Amino acid sequence: MTKRMAKWVSWGFLCLVLLVFPRVFGIYYSNVFVAFAIFAVYSLTLNMLLGYTGLLSFGHAMFFGTGAYTTAIALDRISGMPLLPVVLAGFVASVVLALILCPIVVRVGGTAFAMLHLAFGQLMYVLALKLRFLTGGEDGVGGFPIPAFSIPGIISVDMTNPLNFFYFAIAVLGLSTWILWFFTKTPIGSIMIGIRDNPQRVEYMGFRVTHTKAIIYCLAAGFAGITGSIYALFQNLISAEDGYNIMVSFGPIMATIVGGVGSFSGPIFGSAIFSIIEELTSRYTERVELVMGLILIGVILYAPMGFMGVMGLLKQRWLAARKVKLEGAK
Amino acid sequence: MLLEVKDLNTYYGSSHALQGMNLQVDEGELVALLGRNGMGKSTTLKSIMGLVKPRSGSVKFRGVDITGLAPFKVARAGIGYVPEERRIFPTLTVFDNLMMGVKRGKMVTGDPDAWTLEKIYSHFPVLEKRRRQKGHTLSGGEQQMLAIARTLMGNPELLLVDEPTEGLAPLMVKEVRDMLADVHKAGVSTLFVEHNLKVAMSLAQRLYLMGKAHLAFTGTVEELDAQPEIREKYLEV
């Protein structure tokens with residue numbers, strides 16, 4: 001079997017697993033999986049900034065929250081809003097917010113970038129609490145109608161059915177993942193890594209670093225908005241705590257570090273590790289964050305390259321051992 | 001004239017790093033900038049590239065004033081820069097490093113003299129052999145080769161190379177020297193900073209010799225050879 005064929009077979013197998021997942025594991029675990037998928041794609045968007053471009057953001061939640069609030073408010077205030085446009089609205093609103101911030105944030109990096117985002121993130125949190133007429137204050141926006149997925153005259157699927165929503169969420173998040181992956185494979189993907197390694201070097205090669213950073217920033221924000229939008233539809237509720245809380249910003253940072261910064265799939269594995277641990281520990285204790293914190297300390301101390309880095313190291317060792325064995329056999 | 005630097009003054013804080021620097025490079029020339037450490041050679045290149053902003057004086061490229069322009073504008077104007085310490089992108093493959101050099105991501109088509117991947121690979125076959133390897137896995141000489149090749153992918157009209165043989169093994173020094181000669185033969189005008197006098201003398205058509213922050217000598221290799229006292233004063237330790 002060729003490498004290419006093996007790749008297609010594994011993708012086909014993954015699709016099949018996702019197709020039968022709700023029927024095999026039931027609705028509860030399907031919902032756990034959707035929550036994981038939202039968190040994983042949200043972490044991927046942060047990794048576009050942190051892992052690929054070297055920009056650490058302490059306020060990424062503002063894009064997640066903005067996407068979520070936009071979808072929730074649109075469905076709450078405007079009757080008859082179709083499903084896909086409200087998800088798209090979450091994307092657009094987050095991109096608009098990113099565009100507003102761009103002139104300030106793309107000029108800085110390092111600590112300044114992180115702290116500016118902390119400040120803007122907290123500002124959005126406070127705004128979500130204070131603008132009660134729009135955001136519902138501490139109560140948030142909830143109980144809004146969830147529209148059916150419909151293509152007029154062809155299909156109409158009820159999205160209040162958890163099974164249908166599972167497939168819808170996985171399709172949107174899967175497509176988002178593919179677009180983000182594709183982006184990293186374009187020339188701009190290499191420029192992102194170049195900016196991470198040395199922005200000045202990229203500049204004297206003829207690229208305008210600030211503009212490139214702005215494109216990456218808006219893309220990461222837009223897709224974080226989509227994950228927020230799916231989250232709002234999934235929970236049928238969004239509040240300042242769920243959308244803009246500082247932990248919503250730190251969560252994907254932890255998942256990315258545990259999974260492996262810089263590797264595309266690292267945040268997915270990091271999110272999976274955290275989701276499994278959360279699921280297991282929450283049965284015995286409420287102090288889930290304590291367990292996660294301990295894991296993070298362990299990773300930083302003993303495996304700073306994260307899950308993907310460790311896997312890469314093990315693979316290298318296995319290949320080297322195999323080579324020695326084969327040479328010995330000769 | 002391709003490049004004309006006139007009365008350039010550059011400061012690092014209160015330190016006057018370049019004092020009225022003058023320099024010219026003509027079309028197709030290979031020019032060396034020599035001097036001991038800390039004389040301002042790298043600062044001259046950085047001032048041309050806009051990496052440090054000169055306080056006064058001018059840098060003209062093809063008659064257009066580019067003094068103090070942002071580095072990406074200088075690069076787009078047609079000046080390629082290879083910094084010291086072989087600054088490649090270590091986590092990118094050789095192929096990706098080369099593609100990064102393509103200006104605005106657009107390959108030049110229709111020009112038979114343009115530097116393309118094929119041309120780079122034919123001039124530097126080792127890069128083709130290593131095209132899938134990450135930059136950091138290359139040897140020092142190969143990294144230098146990659147840094148120069150990456151800059152050539154942008155099809156610069158003028159190449160600025162800072163200390164191309166610094167820290168390289170003697171065998172690699174020869175390879176990099178031959179590479180620069182090869183690039184020059186292909187028609188690229190080059191201004192390079194070099195501490196290895198032997199390399200500089202064997203390559204350059206003209207030389208600029210720097211004393212402390214200023215120009216001490218201008219002339220050909222033969223003219224410098226004829227003035228041992230200048231060599232002794234400004235180059236020998």
Side-chain angles (χ1 to χ4, degrees), chain A residues 3 47-55 103 106-107 109 181-216 219 256 260-266 304-306 308-309 312-313 315-316 319-320, chain B residues 45-52 66 69-108 134-137 143 146-157 159-162:
Chain A
K3 219 173 169 182
N47 196 36
M48 286 281 135
L49 299 176
L50 175 61
Y52 279 88
T53 323
L55 298 168
V106 296
R107 289 173 198 283
W181 172 82
F182 180 77
F183 190 73
T184 64
K185 298 295 166 196
T186 62
I188 216 169
S190 298
I191 300 171
M192 282 159 73
I193 296 171
I195 292 173
R196 180 194 68 193
D197 287 351
N198 190 327
Q200 201 180 50
R201 206 174 302 168
V202 174
E203 180 105 358
Y204 62 64
M205 288 175 68
F207 296 102
R208 203 164 182 175
V209 170
T210 47
H211 284 199
T212 315
K213 265 162 110 176
I215 294 168
I216 299 157
L219 183 96
T256 304
V261 180
S263 131
F264 183 82
S265 49
M305 69 294 267
M308 291 305 288
L313 213 66
K315 190 182 164 190
Q316 266 178 16
L319 285 174
Chain B
L45 296 196
K46 284 178 184 168
S47 301
I48 296 169
M49 274 314 288
L51 290 165
V52 288
I66 57 162
L69 285 185
F72 77 91
K73 285 185 181 161
V74 178
R76 285 179 189 177
I79 300 181
Y81 175 58
V82 183
E84 56 188 329
E85 294 159 11
R86 305 176 280 284
R87 289 181 182 151
I88 55 156
F89 295 103
T91 53
L92 292 179
T93 62
V94 167
F95 173 80
D96 286 337
N97 261 286
L98 289 173
M99 293 312 285
M100 281 284 287
V102 180
K103 240 175 257 164
R104 296 185 182 191
K106 287 175 200 152
M107 293 287 273
V108 177
K134 293 269 168 83
H136 67 87
T137 65
Q143 286 190 21
L146 176 59
I148 295 172
R150 183 188 63 193
T151 310
L152 290 174
M153 286 293 286
N155 283 290
E157 290 172 68
L159 191 62
L160 306 181
V161 192
D162 199 353

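Letters A, B, ... mirror the listed sequences (proteins, then strands); counts begin at 1. Small disclaimer: the values here were computed from a predicted structure and weren't measured.
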Just so I understand: if I count every heavy-atom pair under 4.5 Å between each of B:Ile79, B:Thr151, B:Leu51, B:Asp96 and chain A, which residue has the most?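 So the answer, after comparing B:Ile79, B:Thr151, B:Leu51, B:Asp96, is B:Leu51.
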
Kindly state each residue pair satisfying salt bridge (charged side-chain N to carboxylate O under 4.0 Å, His left out) with at least one member in residues 147-157 of chain B, sequence neighbours excluded.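 Applying salt bridge (charged side-chain N to carboxylate O under 4.0 Å, His left out) to every pair that reaches into residues 147-157 of chain B, excluding sequence neighbours, yields B:Arg62-B:Glu157.
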
I'd like to know which of A:Asp197, A:Ile193, A:Val202 tops the heavy-atom pair count under 4.5 Å against chain B.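 Highest number of heavy-atom pairs under 4.5 Å: A:Asp197.
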
Using non-hydrogen atoms and a 4.5 Å limit, figure out which bit of B:Met49 sits close to chain A: side chain, backbone, both or neither.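 Side chain of B:Met49 only, per the 4.5 Å heavy-atom cut-off to chain A.
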
Measure distances from B:Pro156 to the heavy atoms of chain A and classify the residue's part below 4.5 Å as side chain, backbone, both or neither.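 Neither; nothing under 4.5 Å.
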
State which residues pass ring-ring contact (aromatic ring centres under 6.0 Å, His included) with B:Tyr81; sequence neighbours excluded, sorted by chain then number.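 Per chain and number, B:Tyr81 pairs via ring-ring contact (aromatic ring centres under 6.0 Å, His included) with A:Tyr204.
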
Answer yes or no: is there a side-chain heavy-atom contact under 4.5 Å between B:Val74 and B:Arg76?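 Result no, sub-4.5 Å side-chain heavy-atom pair not found.
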
For A:Tyr52, does the six-membered ring have the charged nitrogen or CZ of A:Arg196 within the cation-pi criterion, i.e. under 6.0 angstrom from the centroid and within 45° of the normal?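 No, A:Arg196 and A:Tyr52 do not form such a contact.
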
